[in-house]
A.B. asks: 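Structure provided below as structure tokens; questions to follow.
In this text the structure is predicted, and so the values were computed from the model without any measurement. Quick note: numbers below take in every heavy atom, side chains included, and nothing from hydrogens, waters or symmetry partners. Just so you know, ligand 1 is whichever comes first in the structure, and atom 1 is the first atom listed for that ligand.
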Amino acid sequence: MSLDWIPPADRLSALPPYVFARLDELKARAREQGLDLIDLGMGNPDGPTPAPVVEAARLAIGDASNHGYPPFEGTASFRTAITDWYARRYGVPLDPTAEALPLLGSKEGITHLAMAFINPGDVVLVPTPAYPAHFRGPAIAGAKVHHLHLKPENNWLIDFDTIPPAVARSAKALFFNYPNNPTAATAPRSFFEQAVAFAQRYQILLVHDLCYAELAFDGYQPTSLLEIPGGKEVGVEFHTLSKTYNMAGWRVGFVVGNSHIIQGLRTLKTNLDYGIFAALQRAAETALSLPDRYLEEVQTRYSTRRDFLIEQFASLGWAVTKPQATMYLWVPCPPGINSTDFALEVLQETGVVVTPGNAFGPGGENYIRVSLIADCDRLGQAMDRIRQAGFRFEPVTASV
Ligand SMILES: *Cc1c(COP(=O)(O)O)cnc(C)c1O
């Protein structure tokens with residue numbers, strides 16, 4: 001019997017197709033054709049989780065006291081490890097009971113935060129391009145998403161002066177993320193001060209995603225929203241262990257900041273899940289207290305790949321901006337071809353998978369995102385294939 005007569009709920013049918021799912025189909029087809037794929041598409045870290053974290057998990061799994069339902073709000077010791085880490089890293093004290101909440105990865109938390117605070121029809125400001133959960137989460141909640149177009153000439157920063165006051169007055173929340181996925185842009189401290197002033201002026205909730213807090217290079221230190229005076233009064237900040245500690249599969253993240261907002265998210269989650277397996281919370285505590293050399297190792301791995309790939313692109317005429325953080329390069333498409341067509345052409349002719357920029361919204365058109373998730377040998381192979389296939393960046397030159 002077919003149940004076709006039961007359509008999905010409006011909140012599902014309103015969603016645009018998830019481009020990564022479509023990309024997966026195309027990858028499967030290319031694989032069937034016998035292509036050796038080099039997948040630089042997703043932001044899936046390729047390194048192993050640090051050994052002390054794996055060992056802590058192994059020990060904690062053997063402890064029967066971890067086998068039952070964990071506390072809804074996360075274990076007290078993980079919450080304390082979060083606020084200790086935060087104080088050490090940013091010099092800001094937080095209350096581990098009211099101002100920190102463990103999450104099953106930050107994507108879960110971001111989407112549920114939207115469901116906890118956004119009503120159908122509420123206006124939510126979201127940059128474009130953006131990490132998909134930043135617009136899909138609000139869309140699931142029924143929000144009217146107002147796109148803020150990021151531009152290269154503004155270093156992919158939100159320009160608060162271009163937001164019409166009527167839109168700002170009607171907006172309930174702003175979702176944003178620096179160091180940024182997909183553009184790899186970073187924001188100076190003054191930008192965060194502008195964001196807080198904007199939120200105070202128009203009474204807007206700031207939802208900042210700082211998942212690249214530690215993936216920064218050349219001495220650059222990303223800013224936390226909560227370091228800014230007034231930041232905690234207007235917002236929350238999402239963090240993840242996925243990227244820094246190569247723990248994407250473990251599903252551990254957390255949110256810190258405004259206690260009223262965190263309470264709302266906690267209430268919703270109490271009705272949805274039981275939180276993270278207590279043994280993994282133990283392991284996550286270990287990750288947050290690892291010595292800095294682990295971070296330096298990860299940072300060096302990505303910055304070495306970044307430098308290698310930028311040089312390779314330069315040899316093909318491509319000027320790619322050198323990012324100070326994240327695990328991505330944001331690469332312009334050759335003139336005259338859009339991002340979907342370009343990504344497909346590259347996949348079909350070389351077996352190299354990159355993400356079309358429009359997967360991150362209309363503002364990502366004419367760019368592709370390349371993830372630094374393979375070693376330099378493999379990245380070199382990818383670039384050799386791109387070179388052999390004849391791809392080059394030929395800027396349109398004005399005719400004389
Ligand atoms: C990778 C990434 C996340 C991480 O999501 P998790 O669910 O914690 O694994 C969140 N936000 C952005 C912008 C990301 O790039």
Side-chain angles (χ1 to χ4, degrees), residues 18-20 39-47 49 53 74 78 82 85 100-115 126-138 140 150 156-158 174-187 206-216 222-225 235-257 265 269 272-273 275-277 280-281 283-284 287-288 298 302 323 325-330 354-355 357 359-361 363-364 367 369-373:
Y18 201 66
V19 177
F20 288 100
D39 192 346
L40 310 177
M42 274 187 74
N44 196 358
D46 60 315
T49 301
V53 179
F78 183 35
I82 290 169
W85 172 83
L101 181 66
L103 301 168
L104 297 159
S106 54
K107 182 181 182 184
E108 174 262 301
I110 289 165
T111 300
H112 285 144
L113 181 90
M115 294 183 68
V126 187
T128 183
Y131 178 64
H134 296 176
F135 52 89
R136 301 176 78 89
I140 288 173
L150 305 183
W156 305 101
L157 293 176
I158 297 165
L174 164 64
F175 286 65
F176 68 118
N177 154 241
Y178 293 99
N180 185 256
N181 177 9
T183 66
T186 50
L206 296 184
V207 181
H208 185 233
D209 179 349
L210 186 48
C211 67
Y212 298 101
E214 312 272 19
L215 283 195
T223 304
S224 164
L225 172 65
V236 291
E237 187 165 80
F238 285 89
H239 291 259
T240 182
L241 277 73
S242 297
K243 309 292 164 55
T244 315
Y245 303 105
N246 294 321
M247 290 175 70
W250 297 59
R251 311 312 301 135
V252 184
F254 55 90
V255 60
V256 286
L265 178 56
K269 279 173 60 63
L272 293 171
D273 65 63
I276 308 162
F277 180 21
L280 300 193
Q281 298 193 55
L288 289 181
V298 172
Y302 288 115
T326 77
M327 47 196 285
Y328 309 108
L329 294 186
W330 186 236
V354 297
T355 307
F360 307 98
Y367 282 80
R369 190 194 69 178
V370 180
S371 298
L372 303 169
I373 52 171

A.B. asks: Counting non-hydrogen protein atoms only, what is the nearest one to atom 11 (N) of ligand 1? Give residue, atom name and distance.
C.D. replies: Asp209 OD2, 2.6 Å
A.B. asks: Just to check, does Gly105 reach to within less than 4.0 Å of ligand 1 when the distance is taken from its heavy atoms?
C.D. replies: yes
A.B. asks: Side-chain polar contacts of residues 128-137 - donor-acceptor pairs under 3.5 angstrom, sequence neighbours left out - could you list them?
C.D. replies:
residue	atom	partner	partner atom	Å
Thr128	OG1	Gly363	N	2.8
His134	NE2	Asp209	OD2	2.9
Arg136	NH1	Pro16	O	3.1
Arg136	NH2	Pro16	O	2.7

A.B. asks: Can you give me the closest heavy-atom contact between Glu237 and Ser224, atom names plus distance?
C.D. replies: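 Taking every non-hydrogen atom into account, OE1-OG, 2.6 Å.
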A.B. asks: Identify, for atom 12 (C) of ligand 1, the protein heavy atom at the shortest distance, and state residue, atom and that distance.
C.D. replies: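 The closest heavy atom on the protein side is Cys211 SG, 3.2 Å.
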A.B. asks: Please answer whether the main-chain N or O of Asp46 pairs with a side-chain N or O of Asn44 as donor and acceptor at a distance below 3.5 Å.
C.D. replies: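 No; judged by distance alone, with no hydrogens or angles, the pair does not exist.
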A.B. asks: Evaluate the criterion side chain to side chain contact (heavy atoms under 4.5 Å, CB included) for residue pair Tyr245 and Val298; output intermediate values, then yes/no.
C.D. replies: CA-CA 8 Å; Tyr245 303 105; Val298 172; over 6 Å; no
A.B. asks: Got the closest protein heavy atom to atom 5 (O) of ligand 1, with its distance?
C.D. replies: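 The closest one turns out to be Ser106 OG, 3.2 Å.
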A.B. asks: Could you list the atoms of ligand 1 found under 4.0 angstrom from a heavy atom of Asn177?
C.D. replies: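 Every atom of ligand 1 under 4.0 Å from some heavy atom of Asn177: 13 (C).
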A.B. asks: So for ligand 1, is Glu108 a polar contact partner (N or O within less than 3.5 Å, distance only)?
C.D. replies: no
A.B. asks: Measure the distance from atom 9 (O) of ligand 1 to every protein heavy atom, then report the residue, atom name and distance (to 0.1 Å) of the closest one.
C.D. replies: Ser242 OG, 2.6 Å
A.B. asks: State which residue, out of Ile82, Leu280, Val252, fulfils the side-chain contact (heavy atoms from CB on, under 4.5 Å) condition with Pro102.
C.D. replies: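 So the option named by the test is Ile82.
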A.B. asks: Which atoms of ligand 1 have any heavy atom of Lys107 under 4.0 Å away?
C.D. replies: 5 (O), 6 (P), 7 (O)
A.B. asks: What part of Tyr212, side chain from CB on, backbone N/CA/C/O, both or neither, has a heavy atom under 4.0 Å from ligand 1?
C.D. replies: side chain
A.B. asks: Leu225 and Leu206: which non-hydrogen atoms are nearest, and at how many Å?
C.D. replies: CD1-CD1, 3.8 Å
A.B. asks: Testing Leu210, Val255, Thr240 one by one against Ser106 for a side-chain contact (heavy atoms from CB on, under 4.5 Å), which residue passes?
C.D. replies: Thr240
A.B. asks: Have a look at Arg369 and tell me which of Thr183, Asn181, Thr326 forms a side-chain hydrogen bond (donor to acceptor under 3.5 Å, both in side chains) with it.
C.D. replies: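 One option only clears the test, and that one is Asn181.
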A.B. asks: What's the shortest distance from atom 7 (O) of ligand 1 to any protein heavy atom, and which residue and atom give it?
C.D. replies: Arg251 NH2, 2.6 Å
A.B. asks: When you look for heavy atoms under 4.0 Å from ligand 1, do you find them on the side chain of Lys243, its backbone, both, or neither?
C.D. replies: side chain
